[in-house]
Structures are given as C-alpha cells and as structure tokens.
Amino acid sequence: MVNKNLSVSLCGCTLPNPIVPASGTFGFGLELADALDLNKIGGISLKGTTRDARFGNPTPRIAECTGGLINSVGLQNPGIDVLVEEKVPALRKIYHNAIIANISGFSIEEYAHCCEKAAACEGIDILEVNISCPNVHGGGLAFGTSAEAAAQVTKAVKAVSGKKPVFIKLSPNVTDIVSIAKACEDAGADGLTLVNTFLGMRIDIARRKPIVANRMGGFSGPAIFPIAVRMVNQVSKACSIPVMGCGGVSRAEDVIEMMMAGATAVQVGAENLRNPMVCPEIVDALPELMDRLGINDLNEIIGII
Amino acid sequence: MQKIFFTIVSNQVVADKTYRLELGCSQDIAIKPGQFVNIAIDGKYLRRPISVSDATNRSLLLYYKVVGEGTKLMSEMNPGQQLEILTELGTGFDSAKCRNSALLVGGGLGTAPLYMLCKELLSQGKKVTVVLGFNKASEVILEEEYKALGAELLIATMDGSVGVKGFTTDAINQYNPEFDFFYTCGPMPMMRALCAALPTSGEASLEERMGCGAGYCYGCTIQTTKGPKRVCADGPVFDKEDLIW
Ligand SMILES: Cc1cc2nc3c(=O)[nH]c(=O)nc-3n(C[C@H](O)[C@H](O)[C@H](O)COP(=O)(O)OP(=O)(O)OC[C@H]3O[C@@H](n4cnc5c(N)ncnc54)[C@H](O)[C@@H]3O)c2cc1C
Ligand SMILES: Cc1cc2nc3c(=O)[nH]c(=O)nc-3n(C[C@H](O)[C@H](O)[C@H](O)COP(=O)(O)O)c2cc1C
Ligand code: FES
C-alpha cells in the first residue's frame with residue numbers, strides 16, 4: 001500500500017487527518033486523555049462555552065432513540081474564563097493538533113465577548129460559533145434560523161477574532177440552510193460547520209411523560225447522516241469557504257462520503273458517546289479503506305460530487 | 001476505562017426478572033467495589049450501565065433486572081456469546097472511610113454492588129452488617145452469598161414474606177446494629193430516607209440516565225453541595241453530605 005495522505009487544511013491550519021470529535025461529545029479532550037491517544041485525532045472541538053458558567057438542564061438529559069439519541073445537556077460549561085485559563089492550556093500541554101473552541105451565546109454581545117477571549121488564547125487554533133442558541137433579545141428564536149441574525153453574529157465575532165479562523169456552526173432546523181450559509185459567508189465567515197442537532201422529542205409511554213426533563217432536545221446520530229450529507233453537499237456547492245461536515249458519522253466509510261459531499265474535515269458526535277475510541281479507530285481504518293477505493297490523498301475527493 | 005470483549009460464562013434467572021451474568025475476558029481488569037461497566041447491546045444505540053457485584057482480574061459478576069428492551073435483549077443472550085464492554089467506570093466505594101464496623105444497606109438490585117464492598121471490608125477485619133430490602137420473597141437475591149461471607153445479614157420485605165416487614169430502615173430500627181459508617185445503593189427514596197435517618201456519615205451510590213457513562217458528555221450531571229458533579233465519573237458513589245435530594 002502506498003503512503004496515504006490524510007492531512008487536510010482548514011484556512012491555513014493543517015490537520016494530520018480530517019477527524020474531529022464534535023463539540024459536546026468529547027468534553028474538553030482532557031476527560032479522555034487516559035483512555036486513548038488524543039494525538040491520533042486531527043482536531044478536537046471543545047465543549048460549547050458561554051460567558052458565564054452554566055449548570056445546564058435538569059436530568060434526565062439523554063433519551064435513546066433508534067439510530068441515535070436526544071440530548072438536552074443545556075450547555076453545561078464552566079464559562080469562557082475557565083476555558084481559556086485552565087482547559088485549553090491543560091489540553092495544549094498534551095495535544096498537538098487543532099484545538100477548536102466552540103462558542104455559544106444568548107446575545108450578540110455574549111458571542112463577541114467569548115470570541116474575543118478565545119481569539120486571544122494562544123492554544124486555540126479555530127473558533128467555531130454555535131448559532132443554534134436562542135436569542136434572548138430576539139424572542140427566543142435561535143440565531144441560526146434567520147439569515148439576518150446569523151450574519152449579525154458572524155460580523156460581530158469576525159470584528160474581534162483577529163487572525164483566528166471563524167467557523168459558523170449551522171442549525172439544520174431551517175427551511176433553507178443554503179441561504180443561511182451564504183449569509184454567513186457574505187458576513188465574513190472563514191468556514192462553516194454543519195450540522196448541529198435536530199430538535200426532537202421522546203415520550204415514555206408508560207409514565208406518560210417526556211423522557212428528557214426539558215421535554216425536547218437535540219437529536220443526532222447515524223439516523224441523521226443522509227440529511228447531513230445532503231446539507232453539506234448543498235452548502236459546499238453554494239459557498240466557497242471550507243466546510244466541516246457533521247451529523248451521524250460513525251465509521252471511515254461515512255468520512256469518505258462526507259468528504260465527497262464537500263467536507264474538508266469531518267466531525268464525529270454522538271458516536272463518541274457509545275464508543276469513546278471511535279475517532280482513533282476511524283483514523284486507523286482510513287488508509288486501508290482509501291486503498292480499496294483507489295484514493296491516495298483525501299484532498300482528491302473533497303466535493304467531487 | 002478499557003474497552004474489552006467479554007465472553008458470557010453464564011446468564012441465569014435467579015429471582016423475579018432478575019439475572020445473574022458471569023463474564024470472562026482474557027485481558028487484565030482492575031475493578032473497585034462500587035464501580036460499574038457499560039455494555040454495548042446489538043440493536044440498541046446506547047450502552048447499558050450495570051454495577052459490578054464481584055470481579056477478579058479476568059472476570060465480572062453482574063446482576064440485572066429486565067425492565068426494558070435492552071435488558072430484555074441481555075436476558076436472551078447465551079453462554080459463549082461475546083459482549084463489548086467499557087470497564088472500570090466510576091469512583092466506587094471507599095472502604096477506608098469505615099473505621100471498625102460498617103452498615104451496608106441495599107434495596108432491590110442495589111444489593112448487588114455492595115457484595116464486593118462487603119468482601120473488602122471483611123478482609124480488612126471490619127465488622128459488617130448487611131441490610132437488604134426487597135418488595136417480596138420472589139425478588140430476594142444474594143441472601144446465601146452474603147451469609148457465606150460471614151456478614152451479619154438482615155432482610156426486609158415490603159410484604160413481610162421474608163424477614164422484617166417494611167423498609168430497610170424498619171429492620172435497622174428493630175435490630176439497632178452497631179456501625180461507624182454506612183454504604184447504600186438502591187432506589188432514591190430509600191437512600192434519601194437512610195441518609196436522613198442514620199446518624200453517621202455514609203456513601204450512597206446513585207443512578208442517572210447516561211450518555212457516555214465515562215465523564216465526557218455531561219449528560220448525567222447533578223447538583224451537589226460541591227457544585228455540579230457527573231454521576232458517571234465523579235460518582236456514582238457520593239458522600240451523604242454532598243447530596244442535595
Ligand atoms: C451506575 C449505574 C449502575 C446500575 N447498575 C445496575 C445493576 O447493577 N443492575 C440493574 O439491573 N440495573 C442497574 N442500573 C440500571 C440499568 O442501567 C437500567 O435498568 C437499564 O439501562 C435499563 O435498560 P433497558 O434497555 O432495559 O430499559 P429502557 O427503559 O428500554 O432503556 C432506555 C434508556 O434508558 C436508560 N435507562 C433506563 N432505566 C435506567 C436506570 N434506572 N438508570 C439509568 N439508565 C436507565 C437505558 O440505559 C437506555 O438508555 C444501573 C444504572 C446506573 C446508572
Ligand atoms: C451530548 C451532546 C452535546 C452537544 N453539545 C454541543 C455544544 O455544546 N455545541 C455545539 O455546537 N454542538 C453540540 N452538540 C452537537 C454536536 O456537536 C453535533 O453537531 C451533532 O450532534 C450532530 O453530529 P452527530 O450526529 O455525529 O452527533 C452536542 C451533541 C451531543 C450529542
Ligand atoms: S454520562 Fe456522559 S458524562 Fe456522565
């Protein structure tokens with residue numbers, strides 16, 4: 001087997017392979033440092049962070065579904081200051097590849113505040129802005145469901161993020177994801193991550209109550225893979241900035257498919273919850289699969305469909 | 001945490017809907033009393049967390065109750081079949097917190113993880129009283145096993161079909177065992193009542209719906225007097241003083 005090239009580049013940041021655990025499904029990386037070799041993984045998207053520490057939602061926060069799960073963790077996190085002062089420096093000591101800070105907010109000001117701090121943090125390579133959060137000043141609708149609000153967040157964070165690439169992470173709970181993606185690109189986004197979770201709900205039919213305490217939550221896992229592939233394909237065709245594809249990826253084959261659809265890097269979310277070793281396992285499986293498919297360099301296949 | 005393939009040695013009904021599952025592997029494991037494992041089940045997206053009742057460096061003994069689809073699938077598995085399991089999860093009980101005599105209180109399947117703790121405490125030369133609570137005689141497990149260890153054993157059943165009629169707290173009040181520390185695992189109402197009623201410090205093993213079961217999805221967080229804690233990784237065993245019921 002000839003040497004396979006797995007490395008990809010995201011806005012000047014080189015990843016040794018395109019595999020990135022998705023935000024919220026891999027903690028701050030540190031939690032798994034003893035269980036696996038983190039440095040096998042191309043990049044790590046850290047747990048979503050807000051300005052202040054948040055407890056998140058009451059439990060149960062998890063509901064199992066066919067082909068995935070619903071989560072309503074509710075953005076539990078220690079706040080941006082702990083992220084930049086403790087978590088990232090600790091991870092940087094043991095991890096050499098791309099560290100992606102995932103930023104959430106409930107107002108434009110909060111996004112800007114957090115992104116400014118994250119941009120100033122040496123250990124962080126890429127900012128990923130989760131716009132699936134409700135806008136408390138906008139009637140509670142998620143920023144990511146309106147092209148205008150998505151563009152406003154993008155502009156505000158780009159104004160404070162200096163040289164660090166900003167990826168806007170899109171919500172799939174929209175009628176036309178392409179128009180939102182384009183609005184973000186026009187507002188200056190350096191890249192896009194898609195998709196986040198789909199709003200879902202499960203009911204315990206014996207107790208006659210919703211399973212998660214918050215009634216609803218974000219559905220993700222293998223069941224959403226075809227929708228994610230479709231959205232990545234549509235968006236990457238319409239935009240010229242790089243896309244990190246996410247949604248339902250659970251094996252090396254899915255990574256190839258996502259990349260053919262247009263993704264430059266591929267995030268793995270829910271699958272980490274059932275198999276903490278899945279990311280390094282996928283990295284190990286890629287060369288042989290590439291060989292079977294006649295691929296020498298992953299960059300050959302990005303967006304070929 | 002390790003991801004290991006175990007082979008089923010036996011999987012048998014021992015009480016009402018309750019199974020005893022014996023597993024072996026060919027790789028060293030190091031389980032502490034009160035830790036749990038997370039079992040992958042074909043056809044189910046998430047793993048199922050089950051406490052370890054006893055273990056050696058190459059084997060696990062689990063007790064589980066069929067309550068839903070996942071445990072039903074487990075009950076249909078046969079010796080020789082393989083299970084992919086994440087082991088050595090959670091903190092476990094701290095036997096050093098008991099000076100001389102311990103009270104172990106288990107309710108239902110919560111009686112299982114206390115078994116390995118009981119062995120450890122006895123091996124340290126400590127006196128152990130075990131109180132097991134069940135709804136009825138057909139649910140009783142581990143009675144002979146605890147007796148064989150040489151622990152003082154009290155059983156309480158809600159219908160009075162075995163031992164004291166009533167709650168584990170009723171059995172404790174009636175027999176007034178001597179202890180300087182307690183350990184409990186079982187239904188939340190039982191543990192809440194115990195933590196309120198017993199005068200000494202103690203540890204309680206909690207249950208929560210889990211995502212990863214290993215500390216990185218934050219799906220199982222509870223509020224404690226020491227701030228947010230993950231039941232799977234900071235627990236499942238917590239000090240009585242830390243719990244907000
Ligand atoms: C740390 C820990 C240790 C446990 N130890 C034991 C044990 O030793 N013996 C035993 O019989 N049971 C134990 N349980 C409970 C056991 O995990 C559940 O009964 C089991 O997951 C139910 O699965 P199911 O598919 O049959 O039920 P379903 O209701 O079909 O499961 C649906 C989902 O809910 C979850 N779930 C359902 N009930 C519980 C519960 N009580 N706690 C946590 N998650 C739940 C399942 O894991 C699954 O994700 C333990 C739970 C935890 C958290
Ligand atoms: C438990 C859990 C927590 C998550 N937390 C975040 C988060 O904090 N920020 C974010 O942008 N996305 C979050 N997500 C969404 C994932 O990053 C990912 O976009 C989504 O789950 C789809 O990918 P998947 O199908 O591989 O899970 C979370 C998902 C899960 C399952
Ligand atoms: S279940 Fe994932 S952190 Fe506890």
Side-chain angles (χ1 to χ4, degrees), chain A residues 21-36 44 46-48 53-78 204 206 211-213 217 219-223 250 269-278 280-281, chain B residues 1-5 29-30 37-49 67-73 83-90 188 206-236 243-245:
Chain A
S23 176
T25 65
F26 211 72
F28 296 99
L30 300 162
E31 294 90 335
L32 282 156
D34 294 335
L36 51 92
I44 298 177
L46 307 180
K47 189 157 173 39
R54 283 171 57 86
F55 174 73
N57 290 325
T59 54
R61 293 176 172 185
I62 303 283
E64 188 183 52
C65 307
T66 305
L69 63 104
I70 287 175
N71 91 84
S72 76
V73 170
L75 284 171
Q76 181 188 345
N77 80 88
D204 182 328
I211 292 181
V212 295
F219 175 57
S220 71
S250 66
E271 196 66 16
N272 291 303
L273 269 59
R274 65 187 233 137
N275 178 9
M277 284 81 173
V278 68
E281 284 172 6
Chain B
M1 173 173 57
Q2 300 190 70
K3 190 169 94 171
I4 298 179
F5 279 99
I29 52 169
V37 297
N38 219 352
I39 306 178
I41 298 173
D42 275 347
K44 287 284 147 193
Y45 192 68
L46 293 173
R47 289 169 191 268
R48 295 299 187 269
V67 296
E69 292 174 14
T71 43
K72 175 95 184 14
L73 287 168
L83 282 174
E84 192 224 78
I85 296 180
L86 297 174
T87 60
E88 295 136 334
L89 302 175
M188 289 297 268
L206 306 194
E207 245 177 48
E208 192 52 76
R209 291 236 176 189
M210 289 182 177
C212 68
Y216 53 92
C217 80
Y218 294 78
C220 65
T221 308
I222 55 161
Q223 194 57 272
T224 73
T225 57
K226 292 183 175 147
K229 297 283 177 196
R230 298 157 302 174
V231 170
C232 70
D234 303 312
L243 294 171
I244 303 167
W245 295 98

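Every chain is numbered from 1, with letters handed out A, B, ... down the list of sequences.
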Would you indicate whether B:Glu69, at its atom CD, is surrounded by more than 12 heavy atoms from other residues, nucleotides or ligands within a distance under 6.0 Å?
-> no
When rounded to the nearest 0.5 angstrom, what distance separates NZ in B:Lys3 from CD in A:Glu281?
-> 3.5 Å
State whether the side chain of A:Glu64 and the backbone N or O of B:Tyr45 hold a donor-acceptor pair below 3.5 Å, judged by distance alone.
-> yes
Examine distances only and state if a side-chain atom of A:Arg274 and a backbone atom of B:Leu46 form a donor-acceptor pair shorter than 3.5 Å.
-> no
Report the option among A:Ala206, A:Ala53, A:Pro222 that has the most heavy-atom pairs separated by less than 4.5 Å from atoms of chain B.
-> A:Pro222
Who among B:Gln2, B:Glu84, B:Met210 has the most heavy-atom pairs with chain A under 4.5 Å?
-> B:Met210
Euclidean distance, A:Thr59 OG1 relative to B:Glu207 CD, rounded to 0.5 Å = 12.0 Å
Per-residue tally against chain A (heavy atom, under 4.5 Å) across B:Gly211, B:Gly215, B:Cys220, B:Ala233 peaks at B:Gly211
Rounded to the nearest 0.5 Å, what separation is found between the OH atom of B:Tyr218 and the CD atom of A:Glu31?
-> 3.5 Å
Of all the heavy-atom pairs spanning A:Asn275 and B:Arg47, show the shortest one and how long it is.
-> CA-NH2, 4.3 Å
Do the side chains of A:Leu32 and B:Met1 get nearer than 4.5 Å, heavy atoms only?
-> yes
Considering non-hydrogen atoms only, spot the tightest contact between B:Arg209 and A:Ile211 and give its length.
-> NH1-CG2, 3.8 Å
Distance (rounded to the nearest 0.5 Å) between A:Leu273 CG and B:Tyr216 OH = 5.5 Å
Chain B contacts, top residue of A:Pro60, A:Cys65, A:Pro276 (heavy-atom pairs, under 4.5 Å) | A:Pro276
